[in-house]
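Have a look at the structure below, then the notes.
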2 protein chains.
Amino acid sequence: MGGVAGCNVSVHEGSGLVGEQPLRPVTLADIAREAGTSASTASRALSGRGYVSPLARVRLLEAAERLGYVPDASARTLKQRTSRVVGVAVSDLGNQFYALLAAGIEQTLREADYQMVLVSDNSDRAQELSFARTFLAMRAAGVIMTPADSAAASLLARNGVDVVEVDRQLAEVPCDAVVIDNEEGGRLATAHLLELGHRRIGLLVADTDWTTDAGRLAGYRSAHAGAGVVVDERLILPIAFHAPDAEQRIAALLDKQAPTAIFAANNQLAEHAWKVLRVRGLRLAQDVSLVGFDDVAWTSMVDPGITVVAQPTIELGRRAAQLLLRRIDDPGCEPGFECLEPTLVVRASTAPPTLATT
Amino acid sequence: MGGVAGCNVSVHEGSGLVGEQPLRPVTLADIAREAGTSASTASRALSGRGYVSPLARVRLLEAAERLGYVPDASARTLKQRTSRVVGVAVSDLGNQFYALLAAGIEQTLREADYQMVLVSDNSDRAQELSFARTFLAMRAAGVIMTPADSAAASLLARNGVDVVEVDRQLAEVPCDAVVIDNEEGGRLATAHLLELGHRRIGLLVADTDWTTDAGRLAGYRSAHAGAGVVVDERLILPIAFHAPDAEQRIAALLDKQAPTAIFAANNQLAEHAWKVLRVRGLRLAQDVSLVGFDDVAWTSMVDPGITVVAQPTIELGRRAAQLLLRRIDDPGCEPGFECLEPTLVVRASTAPPTLATT
DNA sequence: CGAAAAGATGCAATCGTTGCCACACCGCGG
DNA sequence: CCGCGGTGTGGCAACGATTGCATCTTTTCG
């Protein structure tokens with residue numbers, strides 16, 4: 001440490017003790033000069049590629065350490081035409097589901113020394129496309145998204161950026177994807193209610209053309225078919241995200257269709273349904289059964305606890321990141337598709353109907 | 001559109017209809033050639049700086065549009081020595097509080113056309129420092145962090161990167177900060193319980209040296225002092241984050257110190273306390289009162305609802321981002337400090353003690 | 001009418017890193 | 001002793017956008 005007396009002298013700017021304004025960042029050329037080599041050699045020593053004598057290596061490493069060298073990511077990206085950032089676009093960071101998804105992604109990326117650029121696009125096509133352009137501009141190593149539209153994925157793929165779709169699937173280009181088995185989830189929830197004896201099961205589902213909602217709806221139908229029960233279409237209520245009248249419409253469904261149970265196909269709708277039931281003074285399980293989708297915290301804390309279809313949310317994020325890392329590592333590999341299984345968590349919000357109708 | 005017949009001809013690679021592998025991204029030089037100008041003029045036209053004739057401008061704009069030009073962020077960053085990304089480091093993305101904080105930050109940054117690089121550092125000093133280096137390498141325009149240690153902020157500040165501390169404050173360098181008035185929050189919660197007649201109020205607080213916990217503790221003491229009540233130090237229980245024995249220790253506190261009320265100074269501890277009380281069959285309000293800190297979703301959904309000190313979490317994030325944007329805009333301005341006021345939300349988990357001791 | 005100002009453009013250098021290429025050593029086998 | 005691989009090393013040209021400067025053209029105005 002500081003053994004070479006001359007070292008400080010050769011530093012052009014007083015960078016040592018006072019710690020004031022290096023301002024101009026330390027470059028490779030600086031540490032090369034410091035160690036008496038060329039920039040090329042410095043680059044080789046620090047990146048570990050190519051021949052460098054042991055002596056030069058330690059000198060350079062020491063110099064880099066001493067001067068606090070931090071390689072310039074943009075220069076590297078410019079030269080190598082790819083960066084270590086991964087773009088991640090989710091629908092709504094404020095929603096616990098997407099936050100956990102992002103947490104899972106970030107964790108895995110971090111372990112592989114990639115950075116996550118996270119944006120929340122409100123499921124807006126224009127914003128999604130704009131973010132795709134941004135990720136393109138950053139020369140992102142890849143992009144993970146919960147897609148709202150196929151245009152973004154197409155744009156990215158066309159420009160050679162790897163895309164992983166997570167939670168939903170709607171790309172028109174071949175691409176990696178990891179989703180939940182939504183149909184199975186819908187089936188689990190619905191079959192559970194059917195087995196309890198319910199015959200009029202209201203379905204609250206997001207009003208989208210996404211695979212998540214389509215899958216859950218399909219599961220709902222399939223469970224009915226399996227049980228030989230005809231679905232009354234009026235029991236199916238599509239509700240747009242953030243619809244201001246969501247709770248009124250749920251209330252109307254309760255009034256007009258007299259369901260004995262409700263299957264709310266996402267965590268928001270479950271919350272809405274729960275609130276409507278509470279406001280109306282309807283007792284869960286006794287008066288109306290309720291099944292939610294996505295095991296968010298409150299469902300196990302309220303009394304009675306809510307029966308839900310649990311998704312491995314963080315794992316979903318991790319898998320998506322793993323899929324992307326695999327593709328970065330081996331760009332030629334077959335598009336991967338993973339489908340994680342949801343599980344039914346039975347709590348106290350479901351019970352046989354009190355007055356069984358036909 | 002496509003009026004100039006020759007335009008496709010001059011494109012060297014078939015980029016038009018087939019949409020297959022442009023592979024090499026479109027550069028400024030490409031669109032300059034396409035429009036018959038130099039790259040300099042193209043740059044001026046697209047960036048809007050400097051003289052460009054109207055004719056050249058439209059030609060270049062059209063060419064850029066037609067070829068799908070996306071400026072290379074790394075080249076721009078390299079040249080301008082600053083990027084449009086803002087590094088954000090929070091303690092734990094899986095915690096709703098930090099997720100919402102990040103959501104608020106992202107929203108504001110997005111509106112100003114900045115990107116958020118989000119990392120979750122687990123309050124680990126080493127990780128935090130490593131991220132600071134990464135942000136440095138990316139030439140981040142600024143960094144927003146919930147700090148765990150002062151080293152990261154110092155490193156960044158020393159290298160000319162603007163730092164905003166959010167939620168907590170512990171930088172040794174002058175820097176912008178936005179926090180909650182934790183002392184007031186602690187006081188609100190404690191005073192509420194004291195007014196109800198409680199004299200033995202257990203305090204669950206994170207075992208850190210952060211300003212959040214110190215502030216809440218100070219508020220707890222200050223409220224006692226204001227009411228002329230002496231604090232029994234044995235009622236104060238510091239619990240480390242993710243301590244596996246958190247609930248056992250809370251149970252022990254209940255057993256040994258017989259508090260008539262509990263003030264849990266963060267959302268995790270509130271959840272732990274709530275669970276312990278439930279497991280023990282203790283009725284909220286009637287047997288033990290409970291006040292939480294941070295109005296997360298479940299607190300208003302459980303029965304009885306939990307009285308909490310609510311923080312404007314998203315707003316906290318927004319303000320932090322605004323502070324950073326202001327500083328980027330005017331690097332010389334005085335370090336800003338904002339302190340947002342928490343509010344007490346009284347629900348049904350608090351009531352006068354049944355058996356008033358002393 | 002001529003000079004100065006404004007308008008418009010291109011050249012070339014620059015940002016920091018990487019990687020190709022050439023060169024310079026070394027010892028060794030032919 | 002020549003050449004040949006194996007080692008090290010430095011020079012130089014990229015990567016793609018920006019920008020100061022020089023150049024050239026057009027106005028404008030005294």
Side-chain angles (χ1 to χ4, degrees), chain A residues 22-61 63-64 67-84 133-134 136-140 159-160, chain B residues 12 22-61 63-64 67-84 133-134 136-141 159-160:
Chain A
L23 229 87
R24 187 175 68 70
V26 181
T27 74
L28 254 190
D30 292 327
I31 77 152
R33 195 177 323 122
E34 180 83 357
T37 75
S38 75
S40 321
T41 307
S43 172
R44 280 188 291 258
L46 299 187
S47 69
R49 278 182 286 269
Y51 292 114
V52 186
S53 70
L55 177 64
R57 163 169 288 116
V58 297
R59 278 218 191 124
L60 286 160
L61 256 33
L67 301 191
Y69 171 68
V70 177
D72 185 310
S74 53
R76 185 174 281 172
T77 299
L78 178 59
K79 180 68 184 170
Q80 317 204 127
R81 312 168 73 106
T82 183
S83 70
R84 298 206 59 95
R133 254 187 291 268
T134 302
L136 222 48
M138 301 177 82
R139 298 283 179 268
N159 286 79
Chain B
H12 35 89
L23 229 86
R24 187 176 68 71
V26 180
T27 75
L28 252 192
D30 292 328
I31 76 151
R33 195 178 321 121
E34 180 83 357
T37 76
S38 73
S40 329
T41 307
S43 172
R44 281 187 286 258
L46 299 187
S47 69
R49 278 183 287 269
Y51 293 116
V52 185
S53 69
L55 177 65
R57 163 167 289 115
V58 297
R59 277 218 192 125
L60 285 160
L61 256 33
L67 301 191
Y69 170 68
V70 178
D72 185 310
S74 53
R76 183 174 284 170
T77 299
L78 178 59
K79 176 67 183 170
Q80 317 202 129
R81 312 169 73 107
T82 182
S83 71
R84 294 200 69 89
R133 252 187 292 270
T134 302
L136 222 49
M138 300 177 85
R139 298 283 179 269
N159 286 78

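Residue numbers start from 1 in every chain, and the chains themselves are labelled A, B, ... in the order their sequence lines are given, proteins ahead of strands. Only this structure's heavy atoms are used, side chains among them; waters, hydrogens and symmetry mates stay out. Nothing here was measured: the structure is a model prediction, and the numbers come from that model.
Rounded to whole Å, the distance from CZ on B:Arg44 to P on C:dG10 is 8 Å. When the C1' atom of C:dG19 is taken as reference, atom CZ of A:Arg81 falls 14 Å away, rounded to whole Å. Rounded to whole Å, the distance from CG on B:Leu28 to C1' on C:dG10 is 14 Å. Note: CG (B:Leu46) to P (C:dT9) measures 13 Å, nearest angstrom. Rounded to an integer number of Å, the gap from A:Gln80 CD to C:dC20 C1' is 15 Å. One atom, CZ of A:Arg49, and another, P of C:dT18, lie 7 Å apart when rounded to the nearest Å. C:dA13 atom C1' lies 13 Å from atom CG of B:Leu78, rounded to whole Å.
Between B:Asp30 and B:Arg24 there is a side-chain heavy-atom pair separated by less than 4.5 Å. A:Leu28 has its side chain within reach of A:Leu46: a pair of non-hydrogen atoms, C-beta onward, lies under 4.5 Å apart. The side-chain heavy atoms of A:Thr27 and A:Asp72, taken from C-beta on, include no pair separated by under 4.5 Å. Counting heavy atoms from C-beta on, the side chains of B:Val52 and B:Thr41 come closer than 4.5 Å. Between B:Arg81 and A:Pro25 there is a side-chain heavy-atom pair separated by less than 4.5 Å.
Scanning DNA chain C for stems, defined as runs of 3 or more consecutive Watson-Crick or G-U wobble pairs whose donor-acceptor distances all fall under 3.5 Å, gives the following ranges: C:1-30 with D:1-30.
By the neighbour-count criterion of 12 heavy atoms within 6.0 Å, atom CZ of A:Arg44 is densely surrounded, having more than that number from other residues, nucleotides or ligands.
Across B:Pro71 and A:Ala137, no two heavy atoms sit closer than the pair O-CB, 3.2 Å. The two atoms that bring A:Leu61 and A:Ala45 nearest to each other are CD1-O, 4.2 Å, heavy atoms only. Residues A:Met138 and A:Thr77 come closest through the heavy atom pair O-CG2, 4.3 Å. Between A:Ile31 and A:Leu67, the closest heavy-atom pair is CG2-CD1, 4.1 Å. A:Ala42 and A:Thr37 get closest at one heavy-atom pair: N-OG1, 4.2 Å.
Taking side-chain N and O atoms only, B:Ser38 has no distance below 4.0 Å to OP1 or OP2 of C:dT9. Of the side-chain N and O atoms in B:Ser40, none sit less than 4.0 angstrom from OP1 or OP2 of C:dT9.
Positionally, the nearest nucleotide of DNA chain C for B:Gly50 lies more toward the 5' end than for the other of B:Gly50 and A:Ala39.
A donor-acceptor contact shorter than 3.5 Å links the side chain of B:Ser83 to the backbone of B:Arg139.
Judged by distance alone with a 3.5 Å cut-off, no donor-acceptor contact links the side chain of A:Lys79 to the base of C:dT17.
In this structure, A:Thr37 reaches the sugar-phosphate backbone alone: every heavy-atom distance under 4.0 Å involves primed, P, OP1 or OP2 atoms, never a base.
Taking 4.0 Å as the cutoff to heavy atoms of chain A, we find the contact window on DNA chain D bounded by D:dT7 to D:dG16.
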Every protein N/O lying under 3.5 Å from an N/O of nucleotides 6-8 of chain C:
from	atom 1	to	atom 2	distance (Å)
C:dG7	OP2	B:Tyr51	OH	3.1

